[in-house]
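So the structure is just underneath, and the comments pick up after that.
Predicted model only: the values in this text are computed from it and were never measured.
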Amino acid sequence: MDWTDSVLTEDFKNIAESNLPLEEFRNARFLITGATGLIGSLLVRFLLFANREYNLNIQIKAVVRNVEKAKQIFSKEETDALSYIVADLAKSGICYEGDCDYMIHAAAVTASKVMVSDPIGTIRTAIDGTEKMLQLAVEKKVKSFVYISSMEIYGQPKAEGKTTEKDLGYVDIGTVRSCYPEGKRMCECMCTAYASQYGVNVKSARLAQTFGAGILPTEGRVFAQFARSAVNGQDIVLHTTGESEGNYVYTADAIRGILLLLLKGEKGEAYNIANEESHITIRNMAELVAREITGNKIRVVVDIPKDSAALGYAPPVKMWLDASKMRSLGWKPTTGLVDSYRRMIRWMKESR
C-alpha cells in the first residue's frame, strides 16, 4: 500500500491544515491506551504522520495488551518515536518511569457480545483501568488528559429535541448490557472527582458512533457490516428492526475533536463529538448505503435471530446529540454520512 496517496493520508493532511494548533504538541510525550482499537490506533497514526510532515519530535507510548497485534497495525509506520507498554488495565497497572505531557485513555470493551458474556470484565476494564490512568496522571503531572467516553452514557434521553451534555436519561441497571453505559458514567464521575480533588486537567469526549477511513479489519459493528455488504454486492441483513435513532461522526473529525479537547477543553467537562447532520435510524442508514453506495443493487433484509439477546445489542433509543459545546472550541465536522461510507470503503479496498 502506498501511504502517500491513501485516503487516510488525505484525512491526516486535512486535520493538520485545520485550526488545530499542532505546534503546541512539539516535543510532547503522549501516552495512549487502547492503541490497537479504532480511536487509539488513529491517534497514534496521526501523531506519527505529524512527526514525519512537521518534524514535531513527538514521543508516543502506546499501551497495548498484545504487542504482535500492535506491530501488525503499525507495521508501515513504526519509528523510534513509537514504543509499547504491555498492560491489561483490568488486572494490573502501568509500569512507566518516564515523563508524560498528554494522556488519552481510549481502552474499553467495545464488542457487544463481550458486554453480555463478560459484564464483570467490562466493568473492571472501565473503572479499574480509568482510575489507574488518572492516578498515573496525578503522578506524572500531565498537562492534559482526555477520557474517551460514549454517547451510550445518555441511556434513554428524556429531553425532546437535541441532547446536550446535561441531559442524562434512564439506564436500566437490571439489564446485563447496561454494564457498558453505567461503567462509562462511573468513569466520567471519577474524572470529575480527580479534576476536583487532584486538579487533573481531564476532559471527557462523548463520541457518537465513529467510522470511516482507518477502521480495522476486525471491525464488526453495523457500519462495517453495511460497507462489506456493499463491497461484496450482498444484501444488508439487519438483526433488529433498526428503529434506533443515532448519531455518527467521521473518523478524522473525531480525531481532530479529541486533540482539540486536549488543548482547549475545560477541566472536568464533558463534550459531545458528533456530526449533527449525520442523524439517522439504523434502518434508514442501511437503506442509504443500498441506495447511494450501490445504486440499489442490494436490498435491506430484516432477520431477527431467536437468540438476539445473546448478541448484546443496545436497546432501541432516539437521540440527537447537540455538538454546540464542541463547536464553541472551534470544532466542526467536515464529512457527512455518504462521504464517510465512500471514504471508508476506499480505505477497506486500499488496505487489503
Side-chain angles (χ1 to χ4, degrees), residues 31-40 63-65 87-94 103-137 145-158 163 165-197 200 202-210 220-221 244 246-247 254 258 261 268-274 309-317 319 321:
L31 194 152
I32 300 173
T33 71
T36 58
L38 174 60
I39 300 301
V63 181
V64 302
R65 287 186 297 176
D88 184 340
L89 294 177
K91 299 175 181 177
S92 60
I94 293 176
M103 287 187 182
I104 302 173
H105 181 36
V109 172
T110 57
S112 291
K113 285 185 179 179
V114 177
M115 294 173 195
V116 294
S117 65
D118 184 18
I120 294 173
T122 300
I123 292 170
R124 288 295 178 204
T125 298
I127 297 176
D128 293 352
T130 300
E131 183 165 27
K132 287 164 186 169
M133 291 303 299
L134 287 165
Q135 288 172 341
L136 190 62
F145 182 124
V146 167
Y147 169 64
I148 304 300
S149 190
S150 165
M151 67 181 184
E152 283 205 39
I153 197 169
Y154 291 107
Q156 301 285 340
K158 298 176 183 178
T163 300
E165 288 79 1
K166 298 296 185 183
D167 296 325
L168 291 189
Y170 172 70
V171 172
D172 180 4
I173 60 173
T175 301
V176 172
R177 175 63 171 67
S178 294
C179 63
Y180 180 74
E182 199 68 15
K184 287 290 187 184
R185 287 186 174 189
M186 189 63 234
C187 289
E188 282 202 27
C189 187
M190 197 178 303
C191 288
T192 302
Y194 270 79
S196 174
Q197 192 164 337
V200 177
V202 57
K203 288 76 78 140
S204 295
R206 294 178 182 169
L207 293 184
Q209 186 84 276
T210 305
R221 283 172 284 187
S244 273
N247 307 259
I258 291 165
L261 270 190
E269 293 291 314
Y271 295 79
N272 292 335
I273 299 183
L311 299 175
Y313 296 129
V317 65
M319 189 191 321
L321 291 182

Look up atom [atom1] in [X] and atom [atom2] in [Y], then write down how far apart they are to the nearest 0.5 Å.
X	Y	atom1	atom2	result
Arg124	Asp118	CZ	CG	11.5 Å
Leu207	Ile39	CG	CD1	5.5 Å
Asn272	Glu165	CG	CD	4.0 Å
Cys189	Ile153	SG	CD1	9.5 Å
Thr110	Glu152	OG1	CD	10.5 Å

Does the side chain of [Y] come within less than 4.5 Å of [X]'s, by heavy atoms?
X	Y	result
Ile123	Met186	no
Tyr154	Lys184	no
Ser178	Val171	yes
Met190	Ile127	yes
Arg221	Gln209	yes
Val109	Met115	yes
Lys91	Arg65	no

Looking only at atom types and distance, does a side-chain atom of [X] sit under 3.5 Å from a main-chain N or O of [Y], one as donor and one as acceptor?
X	Y	value
Thr130	Asp128	no
Ser204	Tyr147	no
Lys203	Ile258	no
Thr33	Ala107	yes
Arg206	Ala270	no
Lys132	Leu89	yes
Asn247	Leu321	yes
Ser244	Val317	yes

Taking all atoms of both residues into account, what is the closest heavy-atom pair of [X] and [Y], and its distance?
X	Y	value
Val64	Ala35	CG1-CB, 3.9 Å
Ala205	Val146	CB-CG1, 4.1 Å
Thr210	Leu38	O-CD2, 3.4 Å
Leu31	Ile94	CD2-CD1, 4.4 Å
Cys187	Ala126	SG-O, 3.1 Å

Give me the one residue out of Arg185, Glu188, His105 that meets side chain to side chain donor-acceptor pair (under 3.5 Å) with Ser149.
->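 For Ser149, the side chain to side chain donor-acceptor pair (under 3.5 Å) test succeeds with only one of Arg185, Glu188, His105, which is Glu188.
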